[in-house]
2 protein chains.
Amino acid sequence: MPMDDAQHEYVDRVATFFTMFGSARAWAEILGWLMICEPAEQTQAQLAEDLRLSAGTVSTQLRAHVQLGMVEQVRVRGDRTQRYRLRPGAWYAVMASELERIRALGELARAGDGVLPRDRPERVTELGDLADFFAREWPPLMERMTAELEKGRP
Amino acid sequence: MPMDDAQHEYVDRVATFFTMFGSARAWAEILGWLMICEPAEQTQAQLAEDLRLSAGTVSTQLRAHVQLGMVEQVRVRGDRTQRYRLRPGAWYAVMASELERIRALGELARAGDGVLPRDRPERVTELGDLADFFAREWPPLMERMTAELEKGRP
DNA sequence: GCATGATTTCAGTATTGCCTGAATGTACTG
DNA sequence: CAGTACATTCAGGCAATACTGAAATCATGC
(Lines give C-alpha, C1' and ligand atoms only; values in the text may rest on other atoms or scores of the structure.)
Protein backbone atom coordinates (compact mmCIF):
# COMPACT_ATOMS: atom_id res chain seq x y z
CA MET A 1 0.00 0.00 0.00
CA PRO A 2 1.52 3.31 -1.07
CA MET A 3 1.97 6.20 1.31
CA ASP A 4 -0.57 8.87 2.04
CA ASP A 5 0.47 12.40 3.00
CA ALA A 6 0.47 11.88 6.75
CA GLN A 7 2.55 8.76 6.39
CA HIS A 8 4.98 10.50 4.11
CA GLU A 9 5.38 13.25 6.65
CA TYR A 10 6.09 10.78 9.40
CA VAL A 11 8.63 8.86 7.38
CA ASP A 12 10.31 12.15 6.67
CA ARG A 13 10.35 13.06 10.34
CA VAL A 14 11.89 9.76 11.34
CA ALA A 15 14.42 10.04 8.54
CA THR A 16 15.37 13.56 9.54
CA PHE A 17 15.84 12.49 13.13
CA PHE A 18 18.17 9.63 12.38
CA THR A 19 20.17 11.36 9.68
CA MET A 20 21.01 13.94 12.34
CA PHE A 21 23.00 11.19 14.02
CA GLY A 22 24.80 10.31 10.84
CA SER A 23 22.78 7.53 9.27
CA ALA A 24 22.15 7.40 5.55
CA ARG A 25 18.93 8.95 4.33
CA ALA A 26 17.71 5.78 2.65
CA TRP A 27 18.49 3.73 5.76
CA ALA A 28 16.43 6.07 7.88
CA GLU A 29 13.53 6.24 5.43
CA ILE A 30 13.29 2.49 5.27
CA LEU A 31 13.19 2.39 9.05
CA GLY A 32 10.48 5.02 9.24
CA TRP A 33 8.34 3.29 6.66
CA LEU A 34 8.75 -0.14 8.22
CA MET A 35 7.39 1.35 11.44
CA ILE A 36 4.04 2.27 9.95
CA CYS A 37 3.49 0.46 6.65
CA GLU A 38 0.68 -2.01 6.13
CA PRO A 39 1.14 -4.80 6.05
CA ALA A 40 4.17 -4.77 8.29
CA GLU A 41 5.89 -7.19 5.93
CA GLN A 42 7.22 -5.68 2.72
CA THR A 43 9.22 -6.89 -0.24
CA GLN A 44 12.26 -5.00 -1.44
CA ALA A 45 10.39 -4.11 -4.60
CA GLN A 46 7.56 -2.55 -2.61
CA LEU A 47 9.97 -0.56 -0.48
CA ALA A 48 11.80 0.67 -3.55
CA GLU A 49 8.57 1.71 -5.21
CA ASP A 50 6.96 3.36 -2.18
CA LEU A 51 10.09 5.23 -1.13
CA ARG A 52 11.27 5.99 -4.67
CA LEU A 53 14.59 4.34 -4.06
CA SER A 54 16.56 2.19 -6.45
CA ALA A 55 16.56 -1.56 -5.96
CA GLY A 56 20.26 -1.45 -5.21
CA THR A 57 19.89 1.07 -2.43
CA VAL A 58 17.10 -0.92 -0.80
CA SER A 59 19.17 -4.07 -0.96
CA THR A 60 22.20 -2.43 0.61
CA GLN A 61 20.48 -0.45 3.36
CA LEU A 62 18.13 -3.27 4.21
CA ARG A 63 21.09 -5.53 4.76
CA ALA A 64 22.50 -2.95 7.15
CA HIS A 65 19.24 -3.05 9.09
CA VAL A 66 19.28 -6.82 9.21
CA GLN A 67 22.87 -6.90 10.43
CA LEU A 68 22.04 -4.42 13.16
CA GLY A 69 19.14 -6.62 14.19
CA MET A 70 16.45 -4.03 13.54
CA VAL A 71 14.87 -5.87 10.62
CA GLU A 72 14.29 -9.53 9.85
CA GLN A 73 13.38 -11.55 6.78
CA VAL A 74 10.13 -13.44 6.82
CA ARG A 75 9.59 -16.41 4.57
CA VAL A 76 6.03 -16.91 3.54
CA ARG A 77 5.32 -20.49 2.51
CA GLY A 78 4.25 -20.82 -1.04
CA ASP A 79 5.35 -17.31 -1.85
CA ARG A 80 8.47 -16.82 -3.82
CA THR A 81 9.27 -13.33 -2.59
CA GLN A 82 11.16 -12.60 0.57
CA ARG A 83 9.55 -10.16 2.94
CA TYR A 84 11.12 -7.87 5.49
CA ARG A 85 9.69 -6.38 8.63
CA LEU A 86 10.70 -4.49 11.70
CA ARG A 87 11.76 -7.13 14.16
CA PRO A 88 9.36 -7.52 17.07
CA GLY A 89 11.02 -5.97 20.08
CA ALA A 90 13.61 -4.34 17.84
CA TRP A 91 13.83 -1.23 19.98
CA TYR A 92 14.43 -3.24 23.11
CA ALA A 93 17.06 -5.31 21.39
CA VAL A 94 18.97 -2.18 20.44
CA MET A 95 19.03 -1.05 24.05
CA ALA A 96 20.15 -4.46 25.22
CA SER A 97 23.03 -4.41 22.76
CA GLU A 98 24.31 -1.19 24.31
CA LEU A 99 26.13 -3.38 26.79
CA GLU A 100 28.59 -4.33 24.12
CA ARG A 101 29.45 -0.74 23.38
CA ILE A 102 29.83 -0.04 27.08
CA ARG A 103 32.30 -2.88 27.31
CA ALA A 104 34.20 -1.57 24.31
CA LEU A 105 34.51 1.79 26.04
CA GLY A 106 35.89 0.02 29.09
CA GLU A 107 38.47 -1.71 26.89
CA LEU A 108 39.45 1.63 25.43
CA ALA A 109 39.99 3.08 28.87
CA ARG A 110 42.04 0.13 30.06
CA ALA A 111 44.17 0.35 26.94
CA GLY A 112 45.24 3.74 28.24
CA ASP A 113 46.89 2.31 31.32
CA GLY A 114 50.31 2.43 29.70
CA VAL A 115 50.07 6.12 28.89
CA LEU A 116 48.29 7.41 31.99
CA PRO A 117 49.21 11.06 32.40
CA ARG A 118 50.66 12.20 35.72
CA ASP A 119 48.59 15.32 35.37
CA ARG A 120 44.92 14.49 35.91
CA PRO A 121 45.03 10.77 35.08
CA GLU A 122 41.29 10.69 35.79
CA ARG A 123 40.84 11.89 32.22
CA VAL A 124 41.31 8.22 31.37
CA THR A 125 40.41 6.37 34.55
CA GLU A 126 37.07 8.13 34.83
CA LEU A 127 36.09 6.58 31.56
CA GLY A 128 36.96 3.14 32.87
CA ASP A 129 35.00 3.70 36.08
CA LEU A 130 32.06 4.88 34.05
CA ALA A 131 32.13 1.81 31.84
CA ASP A 132 32.39 -0.46 34.87
CA PHE A 133 29.45 1.27 36.49
CA PHE A 134 27.26 0.83 33.44
CA ALA A 135 28.41 -2.72 32.86
CA ARG A 136 27.13 -3.48 36.37
CA GLU A 137 23.91 -1.50 36.09
CA TRP A 138 22.87 -2.43 32.60
CA PRO A 139 21.76 -6.06 33.04
CA PRO A 140 19.33 -5.36 35.93
CA LEU A 141 18.09 -2.31 34.05
CA MET A 142 17.38 -4.51 31.04
CA GLU A 143 15.48 -6.91 33.25
CA ARG A 144 13.30 -4.16 34.58
CA MET A 145 12.75 -3.03 31.00
CA THR A 146 11.68 -6.49 29.91
CA ALA A 147 9.33 -6.78 32.89
CA GLU A 148 7.77 -3.48 31.85
CA LEU A 149 7.37 -4.81 28.31
CA GLU A 150 5.60 -7.96 29.51
CA LYS A 151 3.15 -5.86 31.50
CA GLY A 152 2.07 -4.07 28.34
CA ARG A 153 1.54 -7.20 26.22
CA PRO A 154 1.07 -10.41 28.18
CA MET B 1 55.23 18.03 25.03
CA PRO B 2 55.24 16.05 21.80
CA MET B 3 53.98 12.51 21.58
CA ASP B 4 56.05 9.41 22.16
CA ASP B 5 55.29 6.15 20.38
CA ALA B 6 53.01 4.69 23.04
CA GLN B 7 51.02 7.89 23.19
CA HIS B 8 50.74 8.04 19.45
CA GLU B 9 49.42 4.50 19.44
CA TYR B 10 46.81 5.33 22.03
CA VAL B 11 45.64 8.45 20.24
CA ASP B 12 45.30 6.34 17.13
CA ARG B 13 43.30 3.74 18.98
CA VAL B 14 40.90 6.30 20.41
CA ALA B 15 40.58 7.96 17.03
CA THR B 16 39.86 4.66 15.31
CA PHE B 17 37.22 3.84 17.87
CA PHE B 18 35.31 7.06 17.51
CA THR B 19 35.59 7.33 13.74
CA MET B 20 33.82 3.96 13.64
CA PHE B 21 30.79 5.81 14.94
CA GLY B 22 31.05 8.48 12.32
CA SER B 23 33.10 11.26 13.87
CA ALA B 24 35.77 13.11 11.94
CA ARG B 25 39.30 11.83 12.25
CA ALA B 26 40.70 15.13 13.50
CA TRP B 27 37.90 15.43 16.06
CA ALA B 28 38.69 12.01 17.43
CA GLU B 29 42.45 12.56 17.49
CA ILE B 30 42.07 15.76 19.43
CA LEU B 31 39.92 13.92 21.94
CA GLY B 32 42.42 11.10 22.31
CA TRP B 33 45.34 13.46 22.79
CA LEU B 34 43.49 15.64 25.29
CA MET B 35 42.94 12.50 27.36
CA ILE B 36 46.63 11.85 27.89
CA CYS B 37 48.67 14.95 27.04
CA GLU B 38 50.77 16.77 29.60
CA PRO B 39 49.97 19.24 30.72
CA ALA B 40 46.26 18.65 30.37
CA GLU B 41 45.86 22.20 29.09
CA GLN B 42 46.94 22.78 25.50
CA THR B 43 46.89 25.66 23.08
CA GLN B 44 45.52 25.29 19.58
CA ALA B 45 49.01 25.78 18.22
CA GLN B 46 50.34 22.90 20.34
CA LEU B 47 47.54 20.61 19.27
CA ALA B 48 48.09 21.47 15.62
CA GLU B 49 51.81 20.82 15.94
CA ASP B 50 51.58 17.59 17.95
CA LEU B 51 48.82 16.08 15.84
CA ARG B 52 50.11 17.47 12.52
CA LEU B 53 46.82 19.19 11.80
CA SER B 54 46.29 22.60 10.26
CA ALA B 55 45.33 25.52 12.47
CA GLY B 56 41.98 25.70 10.73
CA THR B 57 41.11 22.11 11.42
CA VAL B 58 42.02 22.44 15.07
CA SER B 59 39.91 25.55 15.39
CA THR B 60 36.87 23.91 13.79
CA GLN B 61 36.99 20.56 15.51
CA LEU B 62 37.85 22.06 18.87
CA ARG B 63 34.78 24.23 18.64
CA ALA B 64 32.74 21.11 18.03
CA HIS B 65 34.16 19.60 21.21
CA VAL B 66 33.40 22.73 23.19
CA GLN B 67 29.84 22.85 21.92
CA LEU B 68 29.32 19.23 22.85
CA GLY B 69 30.63 20.02 26.32
CA MET B 70 33.60 17.67 26.17
CA VAL B 71 36.24 20.39 26.17
CA GLU B 72 36.50 23.74 27.90
CA GLN B 73 38.64 26.82 27.50
CA VAL B 74 40.89 27.86 30.35
CA ARG B 75 42.04 31.42 30.64
CA VAL B 76 45.42 31.92 32.21
CA ARG B 77 45.91 35.45 33.53
CA GLY B 78 48.92 37.17 32.08
CA ASP B 79 49.04 34.82 29.17
CA ARG B 80 47.52 35.87 25.94
CA THR B 81 46.94 32.37 24.60
CA GLN B 82 43.81 30.44 25.31
CA ARG B 83 44.18 26.90 26.55
CA TYR B 84 41.88 23.96 26.12
CA ARG B 85 41.40 20.86 28.19
CA LEU B 86 39.13 17.90 28.58
CA ARG B 87 36.39 19.07 30.87
CA PRO B 88 36.55 17.49 34.31
CA GLY B 89 33.75 14.96 34.49
CA ALA B 90 33.26 15.20 30.73
CA TRP B 91 32.39 11.52 30.40
CA TYR B 92 29.76 11.74 33.07
CA ALA B 93 28.26 14.82 31.49
CA VAL B 94 27.86 13.01 28.20
CA MET B 95 25.93 10.24 29.92
CA ALA B 96 23.75 12.72 31.73
CA SER B 97 22.88 14.43 28.48
CA GLU B 98 21.52 11.16 27.12
CA LEU B 99 18.26 12.07 28.80
CA GLU B 100 17.64 14.69 26.14
CA ARG B 101 18.02 12.18 23.37
CA ILE B 102 15.72 9.77 25.17
CA ARG B 103 13.09 12.48 25.35
CA ALA B 104 13.53 13.24 21.66
CA LEU B 105 12.91 9.58 20.89
CA GLY B 106 9.72 9.76 22.93
CA GLU B 107 8.62 12.78 20.92
CA LEU B 108 9.29 10.90 17.73
CA ALA B 109 7.14 8.00 18.88
CA ARG B 110 4.28 10.23 19.93
CA ALA B 111 4.43 12.03 16.59
CA GLY B 112 3.47 8.69 15.08
CA ASP B 113 0.09 8.61 16.81
CA GLY B 114 -1.67 9.94 13.74
CA VAL B 115 -0.33 7.20 11.49
CA LEU B 116 -0.48 4.23 13.83
CA PRO B 117 -0.77 1.10 11.72
CA ARG B 118 -3.64 -1.29 12.41
CA ASP B 119 -1.22 -4.10 11.81
CA ARG B 120 1.22 -4.32 14.73
CA PRO B 121 0.94 -0.74 16.01
CA GLU B 122 3.48 -1.71 18.67
CA ARG B 123 6.14 -0.99 16.07
CA VAL B 124 5.58 2.63 17.09
CA THR B 125 4.12 2.42 20.58
CA GLU B 126 6.93 0.20 21.81
CA LEU B 127 9.34 3.01 21.07
CA GLY B 128 7.26 5.38 23.16
CA ASP B 129 7.08 2.94 26.05
CA LEU B 130 10.81 2.46 25.86
CA ALA B 131 11.47 6.18 25.95
CA ASP B 132 9.12 6.61 28.89
CA PHE B 133 10.84 3.82 30.76
CA PHE B 134 14.26 5.33 30.28
CA ALA B 135 13.06 8.84 31.04
CA ARG B 136 11.93 7.48 34.40
CA GLU B 137 15.00 5.38 35.09
CA TRP B 138 17.69 7.75 33.91
CA PRO B 139 17.67 10.40 36.66
CA PRO B 140 18.08 7.91 39.55
CA LEU B 141 20.69 6.06 37.51
CA MET B 142 22.60 9.31 37.10
CA GLU B 143 22.40 9.89 40.84
CA ARG B 144 23.88 6.49 41.55
CA MET B 145 26.56 7.25 39.00
CA THR B 146 27.45 10.52 40.66
CA ALA B 147 27.55 8.84 44.06
CA GLU B 148 29.97 6.30 42.63
CA LEU B 149 32.10 9.14 41.27
CA GLU B 150 32.27 10.88 44.64
CA LYS B 151 33.43 7.65 46.26
CA GLY B 152 36.42 7.52 43.95
CA ARG B 153 37.54 11.12 44.51
CA PRO B 154 36.19 12.78 47.65
C1' DG C 1 47.06 52.90 21.05
C1' DC C 2 50.39 49.70 18.74
C1' DA C 3 52.61 45.50 17.92
C1' DT C 4 52.41 40.67 18.29
C1' DG C 5 50.83 36.35 18.14
C1' DA C 6 46.69 33.48 18.46
C1' DT C 7 42.39 32.38 16.45
C1' DT C 8 38.89 32.35 13.02
C1' DT C 9 37.25 32.43 8.43
C1' DC C 10 37.07 30.96 3.86
C1' DA C 11 38.04 29.39 -0.84
C1' DG C 12 39.90 25.50 -2.90
C1' DT C 13 41.07 20.52 -2.93
C1' DA C 14 40.71 15.82 -1.60
C1' DT C 15 38.20 12.28 0.16
C1' DT C 16 34.44 9.79 1.53
C1' DG C 17 30.21 7.50 1.15
C1' DC C 18 25.43 7.46 -0.84
C1' DC C 19 22.77 6.42 -4.54
C1' DT C 20 21.66 4.88 -9.15
C1' DG C 21 21.14 1.81 -13.03
C1' DA C 22 22.48 -1.97 -15.53
C1' DA C 23 24.19 -6.51 -15.57
C1' DT C 24 24.28 -10.71 -13.15
C1' DG C 25 22.63 -14.17 -10.10
C1' DT C 26 18.85 -16.83 -7.80
C1' DA C 27 14.50 -19.16 -6.92
C1' DC C 28 10.12 -20.31 -7.78
C1' DT C 29 6.04 -21.40 -11.11
C1' DG C 30 3.80 -23.51 -14.71
C1' DC D 1 13.08 -26.76 -18.52
C1' DA D 2 11.75 -22.21 -19.84
C1' DG D 3 10.00 -18.07 -18.16
C1' DT D 4 9.43 -14.64 -14.71
C1' DA D 5 10.05 -11.86 -10.92
C1' DC D 6 12.91 -10.72 -7.29
C1' DA D 7 17.47 -9.77 -5.21
C1' DT D 8 22.43 -8.70 -5.37
C1' DT D 9 26.55 -6.72 -7.08
C1' DC D 10 29.30 -3.18 -8.84
C1' DA D 11 31.16 0.70 -11.60
C1' DG D 12 30.36 5.45 -11.99
C1' DG D 13 28.28 10.01 -10.85
C1' DC D 14 27.31 13.13 -7.41
C1' DA D 15 26.86 15.54 -3.10
C1' DA D 16 28.54 16.23 1.39
C1' DT D 17 32.18 16.82 4.36
C1' DA D 18 37.03 17.13 6.09
C1' DC D 19 41.17 19.26 5.68
C1' DT D 20 44.58 22.70 4.20
C1' DG D 21 46.80 27.15 3.71
C1' DA D 22 46.49 31.88 3.59
C1' DA D 23 44.33 36.05 4.66
C1' DA D 24 41.59 38.60 7.90
C1' DT D 25 40.21 39.39 12.52
C1' DC D 26 40.70 39.59 17.34
C1' DA D 27 42.75 40.00 21.95
C1' DT D 28 46.32 41.05 24.95
C1' DG D 29 50.61 42.84 26.88
C1' DC D 30 53.61 46.48 26.31
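Throughout, a chain's letter reflects where its sequence line sits, starting with A, and its residues are numbered from 1. What you see is a predicted model; the values in this text were computed from it and never measured.
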Could you label the plane-to-plane angle of the B/Trp138 and B/Phe134 rings as parallel, tilted or perpendicular, counting under 30° as parallel and over 60° as perpendicular? tilted
Going by the rule salt bridge (charged side-chain N to carboxylate O under 4.0 Å, His left out), which residues pair with B/Arg85 if we only count those two or more places apart in sequence or in a different chain? B/Glu41, B/Glu72
Just how far, in rounded Å, is P of D/dC19 from CG of B/Leu51? 11 Å
Over 60° means perpendicular and under 30° means parallel, so classify the ring planes of A/Trp27 and A/Phe18, tilted if in between. perpendicular
Quick one: B/Leu62 CG to D/dA18 P, roughly how many Å, whole number? 15 Å
Summary of side-chain hydrogen bond (donor to acceptor under 3.5 Å, both in side chains) pairs that have at least one residue in residues 1-10 of chain A, sequence neighbours excluded: none
May I have the distance from A/Leu53 (atom CG) to D/dA7 (atom P), rounded to whole angstrom? 14 Å
Bend angle of the helix from C/dG1-D/dC30 to C/dG30-D/dC1, from helix axes over five pairs at each end, nearest 10°: 30°
What pairs of residues pass the side-chain hydrogen bond (donor to acceptor under 3.5 Å, both in side chains) test when at least one of them lies in residues 106-119 of chain A, not counting sequence neighbours? none
With respect to the phosphate group of D/dT20, does any side-chain polar atom (N or O) of B/Arg52 fall under 4.0 Å of OP1 or OP2? no
Can we say A/Glu100 and A/Arg103 salt-bridge, meaning some charged N sits less than 4.0 Å from an Asp/Glu carboxylate O? no
Please give, in whole Å, the distance from D/dA5 C1' to A/Glu49 CD? 14 Å
Per-nucleotide protein contact along nucleotides 3-18 of chain C, 5' to 3', at a 4.0 Å heavy-atom cut-off (B base, S sugar-phosphate only, - neither), is -BSSSBB--------S
What is the distance from CH2 of B/Trp27 to P of D/dT17, rounded to the nearest Å? 17 Å
Between the side chain of A/Ser59 and the main-chain N/O of A/Ala55, is any donor-acceptor distance below 3.5 Å? no
Show me the pairs that pass salt bridge (Lys or Arg N to Asp or Glu O under 4.0 Å) and involve residues 28-39 of chain B, at least two apart or across chains. B/Arg25-B/Glu29
